[in-house]
Each structure stands twice: as C-alpha cells, then as structure tokens.
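This report refers to the structure that appears directly beneath it.
Proteins come first, then strands; the chains are lettered A, B, ... in the order of their sequence lines, and each starts at number 1.
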Amino acid sequence: MNYVLDRIYADVESLAATEFGQPNPEVRRPPKESEAIYAVPCFQYAKEKNTNPIKLADGLSAKWNQGLQAGSLIERFEPARGYVNVFVKKKTLLARILKNLRDFGEDYGNYPEINKTIVVDYCSPNIAKPLSVGHLRSTIIGQALINILRARGYRVVGINFLGDWGTQFGKLLYAFEQWGNEKKLAEEPIQHLLELYVRFHKKAKINPALEDDARAAFKRLQQGGEKERALWQRFRGSSLEAFEKTVARLGVKFDHNWFESEFEERARELVDELLAKGIAEESEGAIIIRFKPLWPAESPEPPPAQPPLVIRKSDGTTLYPTRDLASALERIERFQPVHRLLYAVASEQTLYFSQLWNALEEMRKRGFFKHAKINQPGILKYIPFGMVSLPTGKISTREGRIVYLDELLDEAERRAQEIIKEKNPDMPKDARAQVARKVGIGAVIYADLSQDRIKDIVFDWSKMLAFEGNSAPYLQYAAVRCARILAKASPEDRKRLEEPKDADIPRMVAEIEEPESIELLMHLGRFPQAIAEAAERYAPHALASYLYDLAAALSRFYTEVPVLKAQTDAARLARLTLVEATGRVLRRGLALLGIETPEEM
RNA sequence: GCGCCUGUAGCUCAGACGGACAGAGCAUCGGAUUUCUAAUCCGACGGUCGUGGGUUCGAGUCCCUCCAGGCGCGCCA
C-alpha cells in the first residue's frame, strides 16, 4: 500500500529516466494555473541530443501517449513550451486520495519503517544557567526533526546532552566558596547560581586571575575532590529539576538524558587511543588533532586547512570536544546500525562541527568503530540554525541581556488568554487556560519553525506571538473549525464517516465539484510528500509551509461550500469526509511540529 | 587577516537540487457575516530579487568582484 501521488511521480520519473538515460531526471510540479499534475522539462536532454526542446516535448508526448495503458491513472501527456505536462484522470485521482485517506487513517502521511537509526542531539543546555529564549531553537527544531524523521520511517533516538561539566562548574564552585549562601541555594537554587555566575564574571573582568582559580576548582572536581563533588551534585540536581519543568511546557520529551560528566573517563582514554593511533599529537603541552584540508567532503576544490582541535589542555584535563567525541563514539556503538548522527546546534559552531566531522572520519578510517557497518563517510550531519539576539544585542547571561524561556512562555499563554476571552467569552475558565497553553506555546513554536532554520532571528514579542495570518493559531483555528463541524454532524452521518465503504468513494467523488473542494482534496493528497521533503531536507519549515497552504485551502472551502447544509445526502457525506480528513491532517502535521491542537478556541 | 552564513515588497519571510509570468503574512486602503466559530474570506496597493560582471537556450537560484549585516578562527562550552 502506498500513496497515489508517490506512484504517479515514480511512474513519470521512470518514463523520463528510460528516455533520457539518467537515473534521476527532473520531474517538477507545473505552475499553479496549470491543470497538469507533473511536468518533465526537456531542455537539458534536447541540448544533449542537439535538438529543439519544443520538438522533443512534442515527440515525447506523442510517444508516451501511445504507450499508455488503459488502466493507468495518467490520462495524457501534452507538450507545452519545452515541457511534457502530465495530466491525470482527475476523478480517479481524487478517488485514490480519498481511499488513501481512509485506509491509512491516523497513519496517513507515515512511511514504512526503514532499518536505519538516526541519533539526534538537541536542546543540550548547560545546566548551570537558566534556559533563555536562545535555547528554544535547538529544542523545537530537534524535536520537530525527530517527529518528521520517524514519520518518514527512520528509527530515531533523541538525546539531550546536558552540559554538567567543565570550567563553568569550576567558576560556580569558586564563586560559591567566596560568596555563596547555603540557605539561598536550598530555597532558590537557580536564582542563586545565576547571581554567582554573573558576579564571578564581573569580578573576573577586573581580576583575570579568577579564571585560574576557576580552572583549579574544576580540576579538583575532576580529580574527585569530595567537597567539590558534593556541591556539584547539588548544583546539578537543582538545575536539572528547574530545567525539566520548563522543557515540559514545550511538550518535549527526551529519549535519553546524557550527561557530559559521564564521558569524562572515556574521554581521557580516548585521548590516549588517539595519540597511539597517530591521529592526535602533542603541541605546546596540549594534545591536539591536526586536520588535513578535506572539509566539506562534497566540495570539488580542496578547502583551506582547519585550525587544530585541542582535546587535552596542558594541565592534563579534557575539554568539551573530547567528551563530545567520546559521546559520539558511544552513540555509534550503542544504537547501531547508525545511519546518521544529527546535531541541532547554533550555526556559530560551524567550524567546531567541521572539526568534529573530520575527527570522526579519521577515526572511522583507522577502525575506531567496532561495527563494520560504519564504512560510509559523513555519518555526522550538522543541523545549524541562526542565532537569536535581542534588539539590544547578543544574548548574554553574564551581562543580564536575556529573555528567559519561562518568561516568554508565560507571556504567550497570557496573551492567548486575553484573545480567547475576547473571541470566545463563553468558554469556562479552566478550559480557557488549557486552550491558551496550546495556542500560546504553539504560536511560539510555529514562529520559529515556519522559517528556514539558518536565518538569524532578532527576538521580537509581536513576531513570536503572532496570532493571525501565517501563525500556529491560524492552523489551529482551521482544525477547530473542522472539529466543530464534525461535532455538529448528526449521529447517523458520523457513523457513516466512521465506517466508510468502498462503494461510498465513487459517490463522494461525484459530489466533489467546487474548485475549493477539489483544491482541498488535492492538497490533502500531498501531505505524504510534504513529510518526505521535510525529512530529506531536514527542514521543518517545508512542512509548516504545506500546513499553512492546507489551512488556507480549508478556509476558502469553509467560506464557499456549506457542509452540514449541503443540498444532498451524498454531498454532505463527501464534504464531511473532506472536513474530517483535513482536521486529521492538520492535527497530525501540527503534532509533527510539536504543536498541540485544541478542540475549540 | 582568513573562513562560514545572510541580503527578495514599507516590515517579517517562502521560493532546496538553475526552468513556464517572482509568492505569502503583517501594515495600508476597499469589500464580505439573518447561514457550520470573522483568530476567517475576497480585492487593491506594493519588488531594477544588495551591487557590478560572468556561465547558460534559460539565473532570485551557479561562479567571480564589491557593499552591508551576523558568526567563527588551539588549551571556554
């Protein structure tokens, strides 16, 4: 069982592939105005053959038309300005889409399982600091990618790699020794740690020697100093607790919480192994990995050599990259067969991830991975995203230039409450709070996922909390309209909807006549492709954009086509079916983005 | 200094892999509701796709120059 548009696409592609003698010929969607479903451009092949593309398209159309089987969904091929346009039997196609929608049910859009595991690193905050709006992107982009890749059929493991180690904890240890307050740490741990963190940096600016004190404190922690260990446990525990509370508001659940500190030992061993294999070397007292110029692998020109990566400081301690590398190794060993290691991390780390990529490549070549299946280059896939800054400048915890994530989510819910009060004054208070949560947080998530992840974002309240136009509430509203119509349908109609028969399908198709209805159903048919595209490009915004178009199609349909008051039984059933399917796809699509849909709003 | 990213309508953004006349949202103006929730719909206005070259039958998309903004560049994470 598969999706009808995927099939047509594959058929057209294979025709063109045979004709042009290339494995992946271009098959595209024609401009909106065209009634054609797909189009094959002939320009390139015409050039190879030294012929005119218009003539070629003419010839190909005639040839392919002759070869058409009676049972084919394709109705005809038609040349147009150097393209071969593909026309399908519209009614049959609509019937097949309806059948797909019925047969797949709640699974509509999903693809069969692929025996490949993708490990996604996302969120991964430093837990010594409160979450800011800066942490939002990794978390929601990562979660959306996980959902989308799962729908696409991959086995996906999500890992939150918590930064609970490193010199920053040395800073906190030192600061607590100097200015700490036991009572405050017990009562308001996050607040207190933040104060200490800020205070440390203020003092260190005047007296840089404090940085050495911090490094020394971290070294004592690393060597198992009892006092440091106990304090660190407390910092870590209370931070984690606060952190989990905030993330839960976004509806994010991690498959695994991995702690950086747990990789300390493995990281130390790794340095020795890398030295033994000649991958790492000593330099100025530190251990580094030098890179030959080989990134990016796809580049035809050799890029300049990269700066080396320090994996052991001259004081003998490891660094974040060392522990990250150790963790990557563990991921590969534990979740094999690993197809990809994804890292949803801000774009400022581009250089670092290219170094990590190269380091893993070098390790792969020297047999570091026990499982022989890891023989393809490029297992690491970096998913960069643009920075979030404030109108006043770069986010800085140290300098108090920060919008806390909780603060943003509170404001989102508050504004949503206000709007509900205005638009739907009859809604009871407790229902309102629930709906406001879904709408407000949804708006925040959608504001981010609806644009290309690589773009920088200047934080703006009104943009993050848009409730009209291309926004989560617009999509949710469309889904709510569907739900409300269904709720008002008669019990008999609902029963027929729940138990659709094969014989109903042709009867329904006959009733789907208005351009708004046809457009809506056609768009529903493209949902699987939208998921596939978003997965292939690691681009949640491709799915967001599809869903926006679907909601717009529903709104137009809603305005023009009466459902419950349709003239005939058959028409009512057909339209109810469209409404049910649209609601289902919107809900499902939003869920893939990590956004909940309320029943009313 | 070197490297990477971004630059499309007044504002915020789609236009991946070069392809049929550059599309949305917001804002502005005008219209639509005795009818399934108007957080909606329809229409108007609005763009020499940062600049200048080049490649190509064809460039917003690829290459080079320059301009503007952002980010990064051995012992932070």
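Scanning atom types as modelled, one donor and one acceptor separated by under 3.5 angstrom connect the side chain of A:Asn85 and the base of B:A20.
When rounded to the nearest whole Å, the span between OH of A:Tyr546 and P of B:C13 equals 26 Å. For the pair A:Arg484 CZ and B:U40 P, the interatomic distance rounds to 18 Å; values are reported in whole Å. With rounding to whole Å, A:Ile419 atom CD1 is found 10 Å from B:U40 atom P. In this structure, CH2 of A:Trp357 is placed 16 Å from P of B:C4, rounded to the nearest angstrom. Per the geometry, OH belonging to A:Tyr538 stands 14 Å off C1' belonging to B:A16, to the nearest Å. With rounding to whole Å, A:Tyr45 atom OH is found 20 Å from B:U56 atom C1'. In this structure, A:Gln222 places its CD atom 14 Å from C1' of B:C76, rounding to the nearest Å. Straight-line distance from the CG atom of A:Leu465 to the C1' atom of B:A39: 14 Å, rounded to whole Å.
An OP1 or OP2 oxygen of B:A77 is reached within less than 4.0 angstrom by no side-chain nitrogen or oxygen of A:Tyr320. Contact annotation: A:Arg28 does not reach the phosphate of B:C17 (side-chain N/O to OP1 or OP2, under 4.0 Å). Distances shown here put a side-chain N or O of A:Tyr474 below 4.0 Å from the OP1 or OP2 atom of B:C41. For the OP1/OP2 pair of B:C71 and a distance below 4.0 Å, the side-chain nitrogens and oxygens of A:Lys455 include no atom meeting the criterion. The phosphate of B:C13 has OP1 or OP2 within less than 4.0 Å of a side-chain N or O from A:Lys463. Side-chain nitrogen and oxygen atoms of A:Lys47 include at least one within less than 4.0 Å of the OP1 or OP2 phosphate oxygen of B:C57. Put simply, A:His541 has no side-chain N or O that comes within less than 4.0 Å of OP1 or OP2 on B:A16. A sub-4.0 Å separation between OP1 or OP2 of B:A39 and a side-chain N or O of A:Ser471 is absent.
The residue A:Glu422 sits apart from the nucleic acid: no heavy atom pair falls under 4.0 Å. Within the nucleic acid shown, A:Tyr558 comes within 4.0 Å of at least one base atom, counting heavy atoms only. Using a 4.0 Å heavy-atom criterion, one finds that A:Ile420 contacts the bases of the nucleic acid, with or without backbone contacts as well. Nucleic acid contact for A:Ala539: none, since no nucleic acid atom lies under 4.0 Å from a heavy atom of the residue. Among the atoms of the strands shown, base atoms are found under 4.0 Å from some heavy atom of A:Ala80. Within 4.0 Å (heavy atoms only), A:Leu351 reaches sugar-phosphate atoms of the nucleic acid but no base atom. Within the 4.0 angstrom heavy-atom criterion, only backbone atoms of the sugar-phosphate kind lie near A:Leu319; the bases stay farther away. Residue-level contact check: A:Gly163 touches neither bases nor backbone, having no heavy atom under 4.0 Å from any strand. The residue A:Gln476 sits apart from the nucleic acid: no heavy atom pair falls under 4.0 Å. Here A:Arg215 lies in heavy-atom contact (under 4.0 Å) with sugar-phosphate atoms only. Across all strands shown, A:Glu260 has heavy atoms under 4.0 Å from sugar-phosphate atoms exclusively, and none from any base. Residue A:Ser314 is classed as a base contact, given a heavy-atom separation below 4.0 Å to a base. Counting any heavy atom pair closer than 4.0 Å across all strands shown, A:Gln44 reaches a base atom. When heavy atoms are screened at a 4.0 angstrom cut-off, A:Val27 is found touching no nucleic acid atom at all.
At a threshold of 4.5 Å between non-hydrogen side-chain atoms, the residues A:Thr139 and A:Leu131 do not count as touching.
Here B:G54 is in the anti range [glycosidic angle more than 90° from 0].
Distances from the side chain of A:Lys488 to the nucleotides B:G15, B:A39, B:C36 place B:C36 closest. Nearest nucleotide to the A:Tyr352 side chain, out of B:A20, B:A39, B:A77: B:A77. Considering only the side chain of A:Gln168, B:A77 comes nearest among B:U35, B:A77, B:U37. In this structure, the nucleotide among B:C42, B:G15, B:A39 sitting nearest to the side chain of A:Arg556 is B:C42. Among B:U37, B:G25, B:G74, the nucleotide with an atom closest to any side-chain atom of A:Asn424 is B:U37. Among the nucleotides B:A20, B:U40, B:A77, the one closest to the side chain of A:Pro30 is B:A20. For A:Tyr477, counting side-chain heavy atoms from C-beta on, the closest listed nucleotide (B:G74, B:U40, B:C71) is B:U40.
Proximity of residues 440-447 of chain A to RNA chain B (heavy atom under 4.0 angstrom from any strand atom) is not detected for any residue.
A:Phe353 and A:Tyr343 have their aromatic ring centers within a separation under 6.0 angstrom.
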Exercise. What would the secondary structure line of RNA chain B be in dot-bracket form, counting Watson-Crick and G-U wobble pairs under 3.5 Å, with [ ] for pairs that cross earlier ones and | for pairs with another strand?
Worked result: (((((((..((((.....[...)))).(((((.......))))).....(.(((..]....))).))))))))....
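By the salt bridge (Lys or Arg N to Asp or Glu O under 4.0 Å) test, A:Asp549 is found to be paired with no residue, residues two or more places apart in sequence or in another chain being considered.
With A:Thr559 contributing its side chain and A:Phe557 its backbone, the two residues share no donor-acceptor pair below 3.5 Å. Judged by distance alone, with hydrogens and angles left aside, the side-chain atoms of A:Asn85 form no donor-acceptor pair with the main-chain N or O of A:Pro79 at under 3.5 Å. Side chain of A:Asp164 to backbone of A:Glu260: a donor-acceptor contact under 3.5 angstrom is found.
The pair A:Arg496-A:Glu492 does not meet the salt-bridge criterion, since no charged nitrogen lies less than 4.0 angstrom from a carboxylate oxygen. Remark: A:Asp213 does not engage A:Lys203 in a salt bridge, criterion side-chain N to carboxylate O under 4.0 Å.
Side chains of A:Arg323 and A:Thr318: a donor-acceptor N/O pair is present below 3.5 angstrom, by distance only.
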